[in-house]
Amino acid sequence: MKSCHRFNYFIIFAPTSVYTQKNMKAVSTVKALREELAACQAKKIGFVPTMGALHEGHISLVTRARKECDVVVASVFVNPTQFNDKNDLKNYPRTPEADAEMLEAAGVDFVLFPSVEEIYPEPDTRQFDFGQIDKVMEGATRPGHFNGVAQVVSRLFAIVEPTCAYFGEKDFQQIAVIRAMVKQLGLKVEIIDCPIVRDTDGLARSSRNLLLTPAHRAAAPHIYEVLSAAQAKVGEMSPAELTAWVTAEVEKNELLKVIYFAAVDALSMQTIEKWSDAERVQGCIAVQAGEIRLIDNIKLK
């Protein structure tokens, strides 16, 4: 039984634009959210942090949280500190009205739509060191990305103080980084990873998919086709051979360029040399599809 009721509220995204939600309270300040959560006195708070442009993958996280928690909080915030490319930050899709409607329909109780100044009242100069977990793959090809992720997620955890936080496995390495951050900072929050949600053609749901050209959107499902085929080749090839095979197969589509593919230990994120080097091995890939960077992963062992 939920320990607080929902509210009618106005969501203000721009000075002249007001949006009404019937079953969800939306707030734009940290103070307002903390006051509402304190009033609820919920025993178990589930939290789904997002950067907006929501899709079914995000909603699957909300659905899981709704089943397991008394109160569900979401946030919609495009975090500037995790973008190493200013154009990527500028062009990141923003759909606040649609996001609010989807979150309300999914059963969110509170959603935080903060400004940059609310999240970072002062510049966040913290530098995190997670060993090698954040130095490879996305960390190696997007300098500073995971430090920005750790900054914003730790800040949001301090604001919401959730019991559980829900993340999608599409961002497989990010989850490992967040777990390491939680351990390093001694935070009392359970990190729950949820399965990748895919379109009917296999493409992993991503906010960036909205930015694909029609031709690149048609080509993108080839990534998952190759990853799926790679699972069957684990017994036939070494990790290095499989890496070369996946790269070559993906790039048979001239619209796709592999940034990296790695067979990694699912805990340490380090590339393995033999299949016996790790109990669980994940195949992680990043692909450039025109102007858009796509990531995906699949369990190999």
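In this chain, numbering begins with 1 at the start of the sequence shown. Everything quoted here is computed from the prediction, not taken from an experiment.
- Applying the side chain to side chain donor-acceptor pair (under 3.5 Å) test between E138 and each of Q174, R293, Q173 identifies R293 as the sole match.
- Note that CG of L54 and CD of E101 are 11.0 Å apart. Values are rounded to the nearest 0.5 Å.
- By the neighbour-count criterion of 12 heavy atoms within 6.0 Å, atom CD of E236 is densely surrounded, having more than that number from other residues, nucleotides or ligands.
- Within the 4.5 Å cutoff, no side-chain heavy atoms of T50 are placed close to those of S75.
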Could you walk me through whether Y92 and N87 pass the side-chain hydrogen bond (donor to acceptor under 3.5 Å, both in side chains) test, one step at a time?
-> CA-CA 8 Å; Y92 196 86; N87 285 329; over 6 Å; no
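- The closest donor-acceptor contact from the side chain of W275 to the backbone of V234 lies under 3.5 Å.
- Formation of a donor-acceptor pair under 3.5 Å by the S207 side chain with backbone atoms of G52 is found in this model.
- Rounding to the nearest 0.5 Å places OG1 of T95 at 7.0 Å from CG of L210.
- The side-chain contact (heavy atoms from CB on, under 4.5 Å) with T271 is formed by just one residue from the set V281, D265, V264; it is V264.
- By the neighbour-count criterion of 12 heavy atoms within 6.0 Å, atom CD of Q231 is densely surrounded, having more than that number from other residues, nucleotides or ligands.
- Of all non-hydrogen atoms in H145 and Q82, the two that sit nearest each other are ND1-O, 2.9 Å.
- Residues I272 and W245 share a single hydrophobic cluster, defined by chaining ILVMFWY side chains whose heavy atoms lie under 4.5 Å apart.
- Residues V48 and I192 share a single hydrophobic cluster, defined by chaining ILVMFWY side chains whose heavy atoms lie under 4.5 Å apart.
- Between the side chain of E279 and the main chain of K301, no donor-acceptor pair closer than 3.5 Å is present.
- Residues T163 and V189 fail the side-chain proximity criterion, which asks for heavy atoms closer than 4.5 Å.
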Begin with the C-alpha distance, continue with both residues' side-chain angles, and end with the deciding distance and a verdict on side-chain contact (heavy atoms from CB on, under 4.5 Å) for D171 and I295.
-> CA-CA 8 Å; D171 298 299; I295 63 172; 3.3 Å; yes
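- Using a cut-off of 4.0 Å between Lys/Arg side-chain N and Asp/Glu carboxylate O, D109 and R66 are scored as salt-bridged.
- Y224 and V258 fall within a single hydrophobic cluster, where Ile, Leu, Val, Met, Phe, Trp and Tyr are joined by side-chain heavy atoms under 4.5 Å apart, directly or via other members.
- Atom CD of E56 has 12 or fewer heavy atoms from other residues, nucleotides or ligands within 6.0 Å.
- Between the OH atom of Y166 and the SG atom of C69 there is a distance of 3.5 Å, given to the nearest 0.5 Å.
- R155 and R126 get closest at one heavy-atom pair: N-NH2, 4.4 Å.
- Ion pairing of K90 with D85 is absent here, as no side-chain N (NZ or NE/NH1/NH2) approaches a carboxylate O to less than 4.0 Å.
- Crowding of K257 atom NZ: a count of heavy atoms from other residues, nucleotides or ligands under 6.0 Å not exceeding 12.
- Contact record, A150 with F128: CB-CD1, 3.6 Å, taken as the closest heavy-atom pair.
- When side chains are defined from C-beta on, I285 does not count as touching Y260, because their heavy atoms never get closer than 4.5 Å.
- For the pair D277 (side chain) and K274 (backbone), a donor-acceptor distance under 3.5 Å is present.
- Residues D193 and R64 are not paired through a salt bridge, judged by the lack of any N-O separation under 4.0 Å between the basic side chain and the carboxylate.
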F77 and L112: CA distance, side-chain angles, deciding distance, side-chain contact (heavy atoms from CB on, under 4.5 Å) verdict | CA-CA 8 Å; F77 177 65; L112 176 65; over 6 Å; no
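- Side-chain contact between D88 and R142: present, with at least one pair of heavy atoms (C-beta onward) separated by less than 4.5 Å.
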For F110 and V160, what are the C-alpha separation, side-chain angles and deciding distance, and is it a side-chain contact (heavy atoms from CB on, under 4.5 Å)?
-> CA-CA 10 Å; F110 302 102; V160 178; over 6 Å; no
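- Checking side-chain atoms of R34 against main-chain N and O of I159 turns up a donor-acceptor pair under 3.5 Å.
- M102 approaches I59 most closely through the heavy-atom pair CE-CG1, 3.6 Å.
- M269 and L242 are members of different hydrophobic clusters when ILVMFWY side chains are connected at heavy-atom separations under 4.5 Å.
- Put simply, the side chain of I45 does not reach to within 4.5 Å of the side chain of D70, judged on heavy atoms.
- Under the 30°/60° scheme for interplanar angles, the aromatic rings of H55 and H58 are found to be tilted.
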Stepwise side-chain contact (heavy atoms from CB on, under 4.5 Å) check, N147 with Q127 = CA-CA 6 Å; N147 195 75; Q127 293 294 316; 3.7 Å; yes
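- Checked by atom type and distance alone, the side chain of K252 never pairs as donor or acceptor with a backbone atom of A248 at under 3.5 Å.
- Atom CD1 of I196 is separated from atom CG of D296 by 5.0 Å, given to the nearest 0.5 angstrom.
- How far OH of Y120 is from OG1 of T125: 11.5 Å, rounded to the nearest 0.5 Å.
- Classification of E161 and K188 as a salt-bridged pair fails, no side-chain N sitting under 4.0 Å from a carboxylate O.
- A donor-acceptor distance shorter than 3.5 angstrom exists from the side chain of E104 to the backbone of N23, with no hydrogens or angles considered.
- Note that CD of E225 and CG of D201 are 8.5 Å apart. Values are rounded to the nearest 0.5 Å.
- Under the 4.5 Å side-chain criterion, counting only non-hydrogen atoms from C-beta, L156 is in contact with I119.
- Clustering ILVMFWY residues whenever any of their side-chain heavy atoms sit less than 4.5 angstrom apart, transitively, puts M51 in a cluster other than the one holding M181.
- Using a 4.0 Å cut-off between charged nitrogen and carboxylate oxygen, K25 and E36 count as a salt-bridge pair.
- Closest approach of P239 and A263 over heavy atoms only: CB-CB, 4.3 Å.
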Given T81 and Q151, is the side-chain hydrogen bond (donor to acceptor under 3.5 Å, both in side chains) satisfied, shown in steps?
-> CA-CA 8 Å; T81 71; Q151 286 176 340; 3.1 Å; yes
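- One N or O on the side chain of Q270 and one on the backbone of S268 form a donor-acceptor pair closer than 3.5 Å.
- A heavy-atom distance below 4.5 Å is not found between the side chains of N209 and L211.
- Around atom CD of E291, no more than 12 heavy atoms belonging to other residues, nucleotides or ligands sit under 6.0 Å away.
- At least one side-chain heavy atom of V182 sits under 4.5 Å from a side-chain heavy atom of F157.
- For the pair I191 and R179, the tightest heavy-atom approach, listed with the atom from each and the gap, is O-NH1, 3.2 Å.
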